[in-house]
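Worksheet for the structure shown next.
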Amino acid sequence: MTAFTVIGGPSSEQLAKRIASRLKSKFVRCELRVFPDGESKITLKDKPEGKIIVVQSIYPPVDSNLIHSLAIVSQARSYSSQVYAVIPYMGYARQDRQFLPGEIITMELVAKMFKAAGATKIIVVDIHSITALKQLQIPAKNVSAVEELVKYFKKLSLNNPLVVSPDKGGIERARNFANLLGVDFIALEKHRDKKTGKVEIKTKKHDGVKGRDIILVDDMISTGGSIVKAAEFLKKQKSGKIYACCTHALLIGDAEKNIIKAGVTKIISTNTIPSKTSVVDVSSIIVKAIV
Ligand code: R5P
């Protein structure tokens with residue numbers, strides 16, 4: 001019997017294969033069929049053995065990927081008493097509190113559902129908030145992709161680089177990133193309208209930006225609004241090249257086009273969400289959290 005079986009959910013098959021290969025474990029593929037009414041049917045293509053690791057990211061379509069994840073975890077539990085749910089991108093983690101009266105804290109429901117489905121441990125990568133992590137009702141571990149992202153930037157020859165967080169909430173991430181790279185960092189002041197979602201950069205001027213290459217660091221890029229506004233500000237301050245870097249590149253709608261139009265040279269992200277920007281692999285950090 002193998003020590004582990006890695007099951008690759010439909011949203012994370014390639015990452016799951018990498019994890020299985022690092023663990024030298026059995027890999028089980030899932031077949032997904034979507035019926036005309038929108039219901040999903042998932043079939044495990046082999047029998048899992050030993051401790052089971054289910055890898056399934058919850059990026060758009062978020063609700064489908066969530067139900068797929070829960071279904072696989074539930075089935076895995078019928079084969080093993082130990083089922084680790086690896087959720088590289090934890091959807092709903094931004095709904096960890098009530099911003100306006102009446103809003104539902106959906107992250108709490110997601111947490112209940114993983115427990116009910118039978119997960120015995122959860123591993124996430126750069127979850128949006130510690131509050132969301134704490135809402136999980138079973139042992140959970142959050143791993144940071146910052147070191148892996150920094151390795152990518154160490155290979156580039158940048159001109160007097162400056163790490164920039166588009167908001168104060170990301171200051172610790174920017175500090176950590178900058179320390180690992182051995183450069184300076186700043187955090188801009190961002191305001192987001194809670195009703196419309198519109199983003200504004202409140203910082204008016206920054207003297208230390210002129211001529212320097214910028215690494216704009218965030219946990220995720222969704223609509224691209226935060227990065228667009230930050231890049232426009234940095235360009236006004238006459239920065240050098242701007243790289244936008246994040247763990248999770250959701251890149252909804254025209255996000256990528258708008259970010260490039262705002263003056264960003266390149267978007268760099270990890271394979272928690274597979275796309276053409278996901279050039280940084282997180283399989284090694286996930287494996288470290290498993291063993
Ligand atoms: C906000 O707190 C997050 O860290 C990101 O800055 C935000 O979710 C990015 O969203 P968007 O790309 O839509 O501005």
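Just follow the structure's listing: the first ligand is 1, and inside any ligand the first atom is 1. The analysis underlying the following values was restricted to heavy atoms, covering all of them including side chains, and did not include hydrogens, waters or symmetry mates. Remember, it's a predicted structure, so these values are computed and weren't measured experimentally.
- In terms of heavy-atom proximity, Gln56 sits nearest to Ser69 at CG-CB, 3.4 Å.
- Closest to atom 4 (O) of ligand 1, if we only count protein heavy atoms, is Asp219 OD1, 2.6 Å.
- Each of the atoms 1 (C), 6 (O) of ligand 1 lies under 4.0 Å from some heavy atom of Lys190.
- Of the protein's heavy atoms, Asp218 OD2, 2.6 Å lies nearest to atom 6 (O) of ligand 1.
- Asp167 counts as a contact of ligand 1, since one of its heavy atoms falls under 4.0 Å from the ligand.
- The nearest protein atom to atom 8 (O) of ligand 1, hydrogens excluded, is given as Arg94 NH1, 3.1 Å; this is a heavy-atom distance.
- Ionic pairing of Arg175 and Glu172 is present here: one or more N-O contacts between side-chain nitrogen and carboxylate oxygen are shorter than 4.0 angstrom.
- Protein heavy atom in closest approach to atom 13 (O) of ligand 1: Thr223 OG1, 2.5 Å.
- Of the charged side-chain nitrogens involved, at least one lies within less than 4.0 Å of a carboxylate oxygen, so that Glu200 and Lys202 count as a salt-bridged pair.
- In terms of polar-atom proximity, defined here as any N/O pair under 3.5 Å, Gly224 does make such a contact with ligand 1.
- Taking both residues in full, the closest heavy atoms of Tyr59 and Asn65 are given as O-ND2, 2.7 Å, listed atom of the first, atom of the second, then distance.
- Heavy atoms only, all atoms of each residue included: Lys190 and Ile201 are closest at CB-CD1, 4.1 Å.
- Atom 10 (O) of ligand 1 has Arg192 NH2, 3.4 Å as its closest protein atom, hydrogens excluded (heavy atom only).
- Judged purely by distance below 3.5 Å, without hydrogens or angles, the side chains of Ser40 and His68 pair a donor atom with an acceptor atom.
- The shortest separation from a heavy atom of Pro166 to ligand 1 is not under 4.0 Å, leaving the residue out of contact.
- Taking a cutoff of 4.0 Å between a charged side-chain nitrogen and a carboxylate oxygen, Arg173 and Asp218 qualify as a salt bridge.
- Closest protein heavy atom to atom 14 (O) of ligand 1: Ser226 OG, 2.6 Å.
- Taking atom 2 (O) of ligand 1 as the reference point, the nearest protein heavy-atom neighbour is His128 CE1, 3.3 Å.
- Taking every heavy atom of both residues into account, Ser165 and Ile171 meet most closely at OG-N, 4.1 Å.
- In Lys198, neither the side chain nor the backbone holds a heavy atom less than 4.0 Å from any atom of ligand 1.
- At the top of the distance list for atom 9 (C) of ligand 1, counting protein heavy atoms only, stands Met220 O, 3.6 Å.
- A distance of 6.5 Å separates CG of Leu234 from CD1 of Ile186, quoted to the nearest 0.5 Å.
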